[in-house]
Amino acid sequence: MKILHHGNGNILSIIFKKLKRPDGFVMQLENIFKFNGGVHPDENKTVSTRLPIAKLPIPKKLILPLRQHVGHVAKLKVKPGDQVLKGQIIAEADGNISAAIHAPTSGKVVKISEEILPHPSGLPDFCITIEPDFKDTWVEKKPISWKTLDRNKLIEAISQSGIVGLGGAVFPTHMKLKINQSQLINTLVINAAECEPFITCDDMLMRERADEIIQGSLIAQTILGAKECVVGIENNKTEAYEALKKAAQKTSIEIKVVPTLYPSGDAKRLIYLLMGTEVPKEKRSVDLGIQVFNVATVAAIYRYLEFGEPSISRIITITGAVKVPQNYEALFGTPLSELIIAAGGSPNKTKKFIMGGPMMGFDLPSIHVPVTKAMNCVIESSPELFPAPKPVMPCIRCARCADACPVNLQPQELYWFSKSSQLEKARDYNLFDCIECGCCTYVCPSNIPLVQFYRYAKSEIIAQDKSKEAANTARERNDFRLARIEREKKERAERNAQKALGAQEKQAIDEKKSTIAAAMERVKQTQQENIKN
Amino acid sequence: MENRSPYVVNAPSISIIMLKVLLALIPGIALYVYVFGIGVIINILLASVTVILTECAILAIRKLPIKPFILDGSGLVTAWLLALSIPSIAPWWIIVLGTILCIIFGKHLYGGLGYNLFNPAMVGYAILLISFPSIMTHWQIPSNLMIGHTDWLDQIKVIFNSNLLSKETLDAMSSATPLDYIKTQLTLNQPLATIQQDKIFGFVGGRGLELINLGYLAGGLYMLKEKIISWHLPVAFLSTLFVSALLFNIISPDTFASPLFHIISGGSILCAFFIITDPVSAPTTPKGKIYFGMGIALLVLIIRLFGGYPEGIAFAVLFLNICVPLIDSLTQPRIFGHK
């Protein structure tokens, strides 16, 4: 295992190199723009690629969270006791940035309750629990003639499919296809890098269903109106590369090999590797005319249009300390425990499972959490695979972290600022450009959990900003209130003044009147006296 | 639940890094012994024992765990570098005192490992040089140049009690360094070519020193290969020293020594690979490292040519150490996606 250094990332380096694999197969690495840093941890991928993808049997119950994607939570369409068919929508998309949930098999909705989700928070959320009838009866499948339909109709159709980004970002796919007219897409990038160690679900999908991926890519390319389509694949996936190459033979899709280097599967890194384009910080790749889809996502698009099968299952890697590491096609909602049993059970007493890869994954709160659209890999942890962290030593400023940072940050400075709570300084040093890939922690000789400091600092800054905003709002409100009180006071004073003025006038009039009256009285008296006299 | 990823790490520990630095010093030390005798080994041993005892005491006073901080090996690196910087026949208490000063003033007063602003070895060296100028400039002459027969026992005697030796033997053993010699002779209006006829000069640098410097160079290349140090510092330092010395040499070959002489006679190679590469007190940005190396080289040359000391490395390093925070803040690399 060796850390790769690539010198300065801002010097455009184009490398023409042939990489010979032990089996003699040559993968051409050309026109690759290398970014700074990156690491190459032990791949650990061969353990789970020995067996083909297997279908996980229908479990006794399926737990389907309503929140499985970025955006609005899906709207419930069923109630306990309802019979559902496979592929039937049980929760529909709530607005544009949302995705529908479909019944993965036929059966009965037994309850709608809060269950623990596969999320780092470990918090429960609303889920639909289905008891399968094991007949696996489909609703009427409606394949869509995608070759003739216009793009708006296709996007409309896909918005019903429940497909979200299966690479882990889980962003509703139809939204990524629905580009407004001003943003022309030039390049469609298909992310086949799969750079995290242990994970092989995309690798196996490419080996076994390369045609679906290529067809799906062509559909996405057509919908987006993209001029070109490039697949980026790491050079450790020989078989997948060959399968894709073969499937793409008669198409214009280009398959480009990128070096096996974490985090080349990060969308912005992959775009740079393939095209030399740096996506600016405040922009998204679509602003530059580039859209990125994961291989599994485009395959799902194809299956939905071609066969009318919505997103009800995915390929998931179960690996690590389990007896038989393998990839399974699992229905969404399948309890993780079923997957573990299928993989030969857990030999460890610890029963600790990681979701995602070892670089960016997280501990699962329970082995009973359901398989979701975001779950690409589950690794059984063991002390041999993932030893406990070593004691932390002081930072010696060796800058290995800076050499490994794919974003060109200075992690040693950010650590110093985060540790001493100089959060503004950390922000100045571009803390929010950190992609939390963990490369810095991976190479730190002092065993400092750097990336955890950044996560903490980010959350602190966000919290501070929020409270500052809240304080500002409160202050504004208070200012407004004070101003209103002041205004009312003034108005009252004016009114009072007006009143007082009125009273004075009245008094003056009264006085006048009484003077006149008195004068009249005197006149009267004089007259009477005169009469008497 | 806290997200503790990444679950895998792969980094050499600080101890391994420091061990490799010590290992890289071995060829230079071996050649040192070959050329000058056993004195340097005694200094290294004295420094090593002193550093361990001193650090144990300080760590105990600071209520820090002793084992991990002793085993990190950074103290030993400092001690060895100081031992290699002082004259090998200096009295024993010089290295002991120097090591204690390094560890206290150079390291622990700033907070210990990772917190020192200055290069600890150079702090110790500078204090010794200012306090004991005559002892610190009396270097041993190569064994094969000694008049009469002086053996290793004499060196040990001289280190532990110079009174045991006659004045003649002492004089036979010590002299100024080539840099020092050039400096004093130039003030007597001797042309450089004549000065360099002296027996203490070898092919391009000081006799014997040339060989030791090649040993340090080998160690430096090993550290580069092992990625213990980055290329920026030695390359910036040596190339700047070479080019600037070359300019002076071209202007006046009679008064300014050749660039190769500057690189191989004094402590330049040791400085380039082992001293300015102390990560804690050096800049961390690639550009910053280059400016730092260049700055030290220029200052070294200015002190050597026009200053009051024959060798300027310690002061140059300490001065540039002061500038590190500024250098770092001015040389931040461009972040990915910032244009």
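Chain A is the first sequence line, chain B the second, and so forth, proteins listed ahead of strands; every chain is numbered from 1.
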Engineer: Please determine whether the number of non-hydrogen atoms from other residues, nucleotides or ligands lying under 6.0 Å from atom CZ of B:F242 exceeds 12.
Structural biologist: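 For B:F242, atom CZ is crowded (more than 12 foreign heavy atoms under 6.0 Å).
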Engineer: Which one wins on heavy-atom pair count under 4.5 Å against chain B: A:P391, A:G438, A:P358, A:G356?
Structural biologist: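 Maximum pair count with chain B is reached by A:P358.
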Engineer: B:I228 versus chain A, heavy atoms under 4.5 Å apart: side chain, backbone, both or neither?
Structural biologist: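 Contact with chain A is through both the backbone and side chain of B:I228.
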Engineer: What's the shortest heavy-atom distance between B:I14 and A:P394, and which atoms?
Structural biologist: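 B:I14 and A:P394 have their closest heavy atoms at CD1-O, 3.9 Å.
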Engineer: Dump the intermediate steps for side chain to side chain contact (heavy atoms under 4.5 Å, CB included) on A:D363 and B:Y7, then the final yes or no.
Structural biologist: CA-CA 10 Å; A:D363 285 328; B:Y7 294 86; 3.1 Å; yes
Engineer: If you count every heavy atom of other residues, nucleotides or ligands that lies below 6.0 Å from A:K281 atom NZ, does the total exceed 12?
Structural biologist: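 It does: A:K281 NZ has more than 12 such atoms within range.
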Engineer: Kindly compute the distance separating NE2 (A:H40) from CG (B:N10), expressed to the nearest 0.5 Å.
Structural biologist: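 Rounded to the nearest 0.5 Å, the NE2-CG separation comes out at 11.0 Å.
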Engineer: Can A:R269 be said to sit on top of B:F336's aromatic six-ring, NZ or CZ under 6.0 Å from centre and within 45° of the ring axis?
Structural biologist: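 So A:R269 does make the cation-pi contact.
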Engineer: What option among A:M359, A:K268, A:K390 has the most heavy-atom pairs under 4.5 Å with chain B?
Structural biologist: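 Among the listed options, the one with the most contacts to chain B is A:M359.
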Engineer: Return yes when atom CZ of A:F432 has more than 12 non-hydrogen atoms of other residues, nucleotides or ligands closer than 6.0 Å, and no otherwise.
Structural biologist: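 Above 12, so yes.
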Engineer: Identify which part of B:T285 has an atom lying under 4.5 Å from any heavy atom of chain A, answering side chain, backbone, both or neither.
Structural biologist: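 Both the backbone and the side chain of B:T285 come within 4.5 Å of chain A.
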Engineer: If you draw a 6.0 Å radius around OH in B:Y222, do more than 12 non-hydrogen atoms from other residues or ligands fall strictly inside?
Structural biologist: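 Enclosed.
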Engineer: Between B:S329 and A:Y429, is a side chain to side chain contact (heavy atoms under 4.5 Å, CB included) present by the stated rule, with each step listed?
Structural biologist: CA-CA 10 Å; B:S329 70; A:Y429 273 67; 3.7 Å; yes
Engineer: Can a side-chain donor-acceptor contact be found between B:S5 and A:R455 if the only test is distance below 3.5 angstrom?
Structural biologist: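 Indeed, the side chains of A:R455 and B:S5 share at least one donor-acceptor pair under 3.5 Å.
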Engineer: Please determine, among A:C437, A:S446, A:C405, the option with the most heavy-atom pairs under 4.5 Å with chain B.
Structural biologist: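 Top count of heavy-atom pairs under 4.5 Å with chain B: A:S446.
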Engineer: Can you say whether B:S74 sits under 4.5 Å from chain A via the side chain, the backbone, both, or neither, judging by heavy atoms?
Structural biologist: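 Neither; nothing under 4.5 Å.
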Engineer: Mind checking whether A:E196 and B:P6 have side chains closer than 4.5 Å, heavy atoms only?
Structural biologist: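 The answer is no; the side chains never approach within 4.5 Å.
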Engineer: Under 6.0 Å from the CZ atom of B:R62, do we count more than 12 heavy atoms belonging to anything else shown?
Structural biologist: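 Count over threshold, so yes.
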Engineer: Is any side-chain N of the basic residue among A:R397 and B:D278 closer than 4.0 Å to the acidic one's carboxylate O?
Structural biologist: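 Answer for the salt bridge query: no.
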Engineer: Give, as side chain, backbone, both or neither, the part of A:P197 having an atom under 4.5 angstrom from any heavy atom of chain B.
Structural biologist: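 No part of A:P197 comes within 4.5 Å of chain B.
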Engineer: Tell me, yes or no, whether the heavy-atom count around B:K287 atom NZ, taken from other residues, nucleotides or ligands under 6.0 Å, exceeds 12.
Structural biologist: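 No, not enclosed.
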Engineer: Which bit of A:M393 is near chain B, if near means a heavy-atom gap under 4.5 Å: side chain, backbone, both or neither?
Structural biologist: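 For A:M393, the contact with chain B is made by the side chain alone.
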Engineer: Could you tell me which portion of A:I354 (side chain, backbone, both or neither) has an atom closer than 4.5 angstrom to a non-hydrogen atom of chain B?
Structural biologist: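 The side chain, not the backbone.
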Engineer: Hey, are the side chains of A:I396 and B:L113 touching, using non-hydrogen atoms and a 4.5 Å cut-off?
Structural biologist: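 A:I396 reaches B:L113 side chain to side chain.
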Engineer: Does atom CE of A:M360 have more than 12 heavy-atom neighbours, drawn from other residues, nucleotides or ligands, at distances under 6.0 Å?
Structural biologist: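 Above 12, so yes.
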Engineer: Scan side-chain atoms only and decide if B:H338 and A:D433 contain a donor-acceptor pair under the 3.5 Å cut-off.
Structural biologist: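 Their side chains do contain a donor-acceptor pair, which is all the 3.5 Å distance test asks for.
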Engineer: Identify which part of A:V407 has an atom lying under 4.5 Å from any heavy atom of chain B, answering side chain, backbone, both or neither.
Structural biologist: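 Looking at A:V407, backbone and side chain both touch chain B.
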Engineer: Please round to the nearest 0.5 Å and tell me the distance separating atom CZ of B:R4 and atom CD of A:Q452.
Structural biologist: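 Between B:R4 CZ and A:Q452 CD, I get 8.0 Å after rounding to 0.5 Å.
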Engineer: Report the C-alpha separation of A:D42 and B:V8 in whole Å, then their side-chain angles, then the decisive distance to 0.1 Å, and conclude whether the side chain to side chain contact (heavy atoms under 4.5 Å, CB included) test is met.
Structural biologist: CA-CA 9 Å; A:D42 270 347; B:V8 282; over 6 Å; no
Engineer: Can you check whether B:I17 reaches A:C398 side chain to side chain, under 4.5 Å on heavy atoms?
Structural biologist: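 No, their side chains stay 4.5 Å or more apart.
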Engineer: Does any N or O in the side chain of A:N408 come within less than 3.5 Å of the main-chain N or O of B:R334, such that one atom is a donor and the other an acceptor?
Structural biologist: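 Side chain of A:N408 to backbone of B:R334: a pair is present.
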Engineer: Under 4.5 Å heavy-atom distance to chain B, tell me which part of A:E413 shows up: side chain, backbone, both or neither.
Structural biologist: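 When you check distances to chain B, only side chain atoms of A:E413 fall under 4.5 Å.
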